[in-house]
Amino acid sequence: MKKLIVGNWKMNGGLLENAALVQALLQGLPRAGVEAAVCVPMPYLGQMQQLLQGSPLAWGAQDASAHEQGAYTGETSATMLRDFACRYALVGHSERRQYHGESDDTVATKAQRALAAGITPIVCVGETLAERQAGRTELVVKRQLASVVHTVGHCTSEIVVAYEPVWAIGTGQTATPEQAQAVHAVLRAQLQAATAHAGRIRILYGGSMNPANAAELLRQPDIDGGLIGGASLKAPEFLSIIASVPAAA
Ligand code: 13P
């Protein structure tokens with residue numbers, strides 16, 4: 001299974017910056033051994049389709065609506081994402097859970113809608129600092145993942161999971177490789193109990209991943225890639241993270 005490195009641009013970018021960034025990424029991407037993608041703001045999906053079609057860099061959205069269509073002002077359906085040939089859609093990012101009140105159920109429905117449209121949902125889970133300090137990390141991430149597994153059923157093997165401890169996002173405070181691996185092992189076991197094909201589900205780590213800490217994180221047995229925020233906005237940093245994928249992976 002190739003490692004997967006995904007950039008989450010969050011609400012950053014512009015037509016000119018995006019073009020320069022993806023051009024630099026295309027120039028520096030290795031030919032094989034690793035898969036890479038960028039999840040961009042909705043208005044730029046058409047630009048990505050135009051610039052990246054046929055290239056080794058995949059693209060995706062940062063959200064997908066839980067609704068199929070209709071009177072949901074401001075929402076973007078998974079079917080619409082399909083029109084722009086998105087391979088991925090993040091669902092349940094902690095910033096969506098936190099600022100937009102997304103529940104585990106909503107996130108699960110979003111994952112289901114993405115799958116139904118032929119898009120791979122990258123299901124984000126992760127505990128807050130208070131939850132970690134209260135010893136509830138395992139409970140929280142298992143609850144978040146269980147909701148998705150329950151809803152998507154036999155399609156569980158088609159998802160990507162991203163473990164993003166909320167306290168590590170944008171803070172520069174990365175989980176240690178041991179802390180991350182411990183949670184990834186819990187998630188792997190949960191997936192194994194849910195599907196016979198758990199071995200092909202990638203579990204990404206996200207939260208202040210950067211060129212200095214990526215190699216050690218990506219060497220952990222249950223860390224199958226990364227979900228990168230800040231460092232994905234700078235081509236040299238994102239490429240350096242991609243280059244740090246262990247050769248044997
Ligand atoms: P940072 O890499 O900026 O900490 O963001 C992580 C993240 O939220 C990716 O989805």
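For clarity, every value in this text was computed on a predicted model and none was experimentally measured. Whatever order the structure lists them in is the order used to number ligands and atoms, beginning at 1.
- Between K2 and E35, no side-chain nitrogen of the basic residue sits less than 4.0 Å from a carboxylate oxygen of the acidic one, so the salt-bridge criterion is not met.
- Scanning the protein heavy atoms around atom 2 (O) of ligand 1, the nearest turns out to be G229 N, 2.9 Å.
- The only member of H184, R188, R202 that meets side-chain hydrogen bond (donor to acceptor under 3.5 Å, both in side chains) when paired with D224 is R188.
- For G170, the heavy-atom gap to ligand 1 drops under 4.0 angstrom.
- No N or O atom of T171 sits closer than 3.5 Å to an N or O atom of ligand 1.
- In this structure the side chain of S244 reaches within 4.5 angstrom of the side chain of L218, judged on heavy atoms.
- Heavy-atom contacts from other residues, nucleotides or ligands closer than 6.0 Å to CD of Q69 number 12 or fewer.
- Residues D222 and Q181 have side chains that bring a donor and an acceptor to within less than 3.5 angstrom of each other.
- The contact set between ligand 1 and E164, taken as ligand atoms under 4.0 Å from a residue heavy atom, comprises 6 (C), 7 (C), 8 (O), 9 (C), 10 (O).
- Side chains of H93 and Q62: a donor-acceptor N/O pair is absent below 3.5 angstrom, by distance only.
- When heavy-atom distances to ligand 1 are checked against a 4.0 Å cut-off, I169 comes that close through both its backbone and its side chain.
- Every heavy atom of A231 sits 4.0 Å or more from the atoms of ligand 1.
- The neighbour count for E68 CD, taken as heavy atoms of other residues, nucleotides or ligands under 6.0 Å away, does not exceed 12.
- Close contacts of ligand 1 with G230, meaning ligand atoms under 4.0 Å from a residue heavy atom, involve 1 (P), 2 (O), 3 (O).
- Within the listing of ligand 1, atoms 9 (C), 10 (O) sit less than 4.0 angstrom from a heavy atom of L227.
- At least one heavy atom of A168 sits less than 4.0 Å from an atom of ligand 1.
- Distances between N or O atoms of E95 and those of ligand 1 include no value under 3.5 Å.
- Atoms of ligand 1 lying under 4.0 Å from any heavy atom of G207, numbered from 1 in the order shown and given with element: 4 (O), 6 (C).
- Using modelled atom types, no side-chain atom of R97 and backbone atom of V125 make a donor-acceptor pair closer than 3.5 Å.
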